[in-house]
Engineer: 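Quick one: the structure is below, questions incoming.
Keep in mind that this is a model prediction, so the values were computed, not measured.
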2 protein chains.
Amino acid sequence: MAAENKKQDKREAILNAAESLFAKHGYDGVTLRAIAKEAGVDVALANYHFGPKRDLFDAVLLRRAQILNSWRLEALEATVQNAAPNPPQVKDIIRAYFEPLLKRSQVQEPGWKSYYALIAYVNSSPEWGGTLMTQFFDPMIHRFLAVLKTALPGVPDKSMYWGYHCLSGALTLAFAQTGRIDHLSDDLCKSDDLPDACDYIVDFVAAGFSDMIAASQKETATL
Amino acid sequence: MAAENKKQDKREAILNAAESLFAKHGYDGVTLRAIAKEAGVDVALANYHFGPKRDLFDAVLLRRAQILNSWRLEALEATVQNAAPNPPQVKDIIRAYFEPLLKRSQVQEPGWKSYYALIAYVNSSPEWGGTLMTQFFDPMIHRFLAVLKTALPGVPDKSMYWGYHCLSGALTLAFAQTGRIDHLSDDLCKSDDLPDACDYIVDFVAAGFSDMIAASQKETATL
DNA sequence: CTAGAATTTCAACAATTGTTGAAGACGTAA
DNA sequence: TTACGTCTTCAACAATTGTTGAAATTCTAG
């Protein structure tokens, strides 16, 4: 059981350690020495593989962003195909955005859990949120919004964008698993029960989007 | 115009500088020297007034939390009185939660803007979110949820808590003003137009809560 | 003005930071 | 074996970190 280190999985051990620690304490709250210790390697090795600290941070983010994007686009296209030639239901589109986070036993994988918390950190940070999230996720999101618009004809773009912002805030906060809702609800709701959280959030968000149709119709009616 | 320092507003200058910098870069991303420089005082003064760094962070959070809580409770009770003896409308309750953030020309005050971004950072951080937010805001939130339940009879508590979690995520992300939605919407939506943001988020969140009634009725009907 | 308390600055501390260059260990192909 | 390129460690660097004790300044009573 000793000497299980294959060839150079130390590189990935560094990524995993960095992912976990950045998720917990943020970029500046983590030292390269802490990462190296968690990964069981020397401090200098992180710099050898990834360059400066900031580049390691980007590498951690990028690794799973690509996978997640492809999973979400897959689920979205399947939803579109499923409903064709009609536009899909709003709730099914929202589900296509949420369910890739849960499938393939991701919930059990601690790496993905850390990654979700990390995304929450990046998303709500004035330092990273504006640029990094855009860079990694916007093309996928635009495709998602385009499909959502077919299900919500006549809804102004501004409502759609703010609606997505609400979705994004609710989703990232829930997946950050801060333990907040556990305290607030006296353990009626559990931060780490992501499938359960998804059920509720999907309903909430779908209702928020669906209501835009009624609102936009009421608006045009008064003209 | 020189020598405008009154008595000991240096203490507040430190709080303001810390607030602004913590909001931008998080707890670990800010040094006491950066705070002191921004405040125009010596490094040691922060420690003299507030003790260790962590206590300064708490002091920054606490200063406006108390004010915000009282404003929100005021607005909530006014809403209740206004609708009595009937329960208020869902949207009016949500508005009572949002509008204190905008009133009294807070939008212009950079201090409050920084504070909102700081709350977003704390809220989504696994390190602070579970404990600090609970400590500062939970009593006010419980009163808010109690009133909301009168407007949404029969809705299960679990739905209510997850609904609040969605509200909280959407609100804090928007008020973090990361510039994210500006990029995503090609400047159709502006991060720093908080009143505009509130209009859209209030509608979205109110719809999410209101839909819970229909859902819970449909559920009991199938039994 | 004077004494004493509160505030502010100065200078320095031990510890930690990201990064680097040289040396060592490993794997592979001749 | 030898040689060579990749991976890993070691040791150390200059800079920065939070914190502190003593000195200097300012404020407030008497």
Engineer: Within the 3.5 Å criterion, strictly below it, is a donor on Tyr121(B) or Tyr116(B) matched to an acceptor on the partner's side chain?
Structural biologist: no

Engineer: Between atom NZ in Lys37(A) and atom P in dT8(D), what is the gap in whole Å?
Structural biologist: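 After rounding, the gap between these two atoms is 20 Å.
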
Engineer: Do you know the tightest heavy-atom contact between Trp162(A) and Ala197(B)?
Structural biologist: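 Closest heavy-atom pair between Trp162(A) and Ala197(B): CH2-CB, 3.3 Å.
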
Engineer: Go ahead and write out DNA chain D as dot-bracket, 5' to 3': ( ) for pairs within the strand, [ ] for ones crossing earlier pairs, | when the partner sits on another strand, dots for unpaired; Watson-Crick or G-U wobble, both distances under 3.5 Å.
Structural biologist: ||||||.|||||||||||||||||||||||

Engineer: Rounding to an integer number of Å, can you tell me how far Phe50(A) CZ sits from dT8(D) P?
Structural biologist: 11 Å

Engineer: What I want to find out is whether Arg180(B) reaches Asp138(A) closely enough, with some N-O distance under 4.0 Å, to be called a salt bridge.
Structural biologist: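 Result for this pair is yes, salt bridge flagged.
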
Engineer: Please name all residues satisfying salt bridge (charged side-chain N to carboxylate O under 4.0 Å, His left out) with Arg64(B), sequence neighbours left out, ordered by chain then number.
Structural biologist: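 Only Glu19(B) meet the salt bridge (charged side-chain N to carboxylate O under 4.0 Å, His left out) criterion with Arg64(B).
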
Engineer: Should Glu12(B) and Arg63(B) be marked as a salt bridge (charged side-chain N to carboxylate O under 4.0 Å, His left out) after you check the CA-CA gap, both sets of side-chain angles, and the distance that decides it?
Structural biologist: CA-CA 10 Å; Glu12(B) 268 200 274; Arg63(B) 175 171 59 152; 3.5 Å; yes

Engineer: Does some side-chain heavy atom of Tyr27(A) sit less than 4.5 Å from a side-chain heavy atom of Leu118(A)?
Structural biologist: no

Engineer: Considering only NZ, NE, NH1 and NH2 on the basic side and carboxylate oxygens on the acidic side, decide whether Asp157(B) and Lys149(B) come within less than 4.0 Å.
Structural biologist: yes

Engineer: Can you build the contact string for nucleotides 9-19 of chain C? Use B for base contact, S for sugar-phosphate-only contact, and - for no protein heavy atom under 4.0 Å.
Structural biologist: BB-B----BBB

Engineer: Measure the distance from CZ on Arg11(A) to P on dT6(D) and round it to the nearest whole Å.
Structural biologist: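 After rounding, the gap between these two atoms is 15 Å.
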
Engineer: Ion pair present between Lys53(A) and Asp58(A), side-chain N to carboxylate O less than 4.0 angstrom?
Structural biologist: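 A salt bridge is absent here (no side-chain N lies under 4.0 Å from a carboxylate O).
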
Engineer: Tell me whether the OP1 or OP2 atom of dT8(C) has a side-chain N or O from His49(B) closer than 4.0 Å.
Structural biologist: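 Result: yes.
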
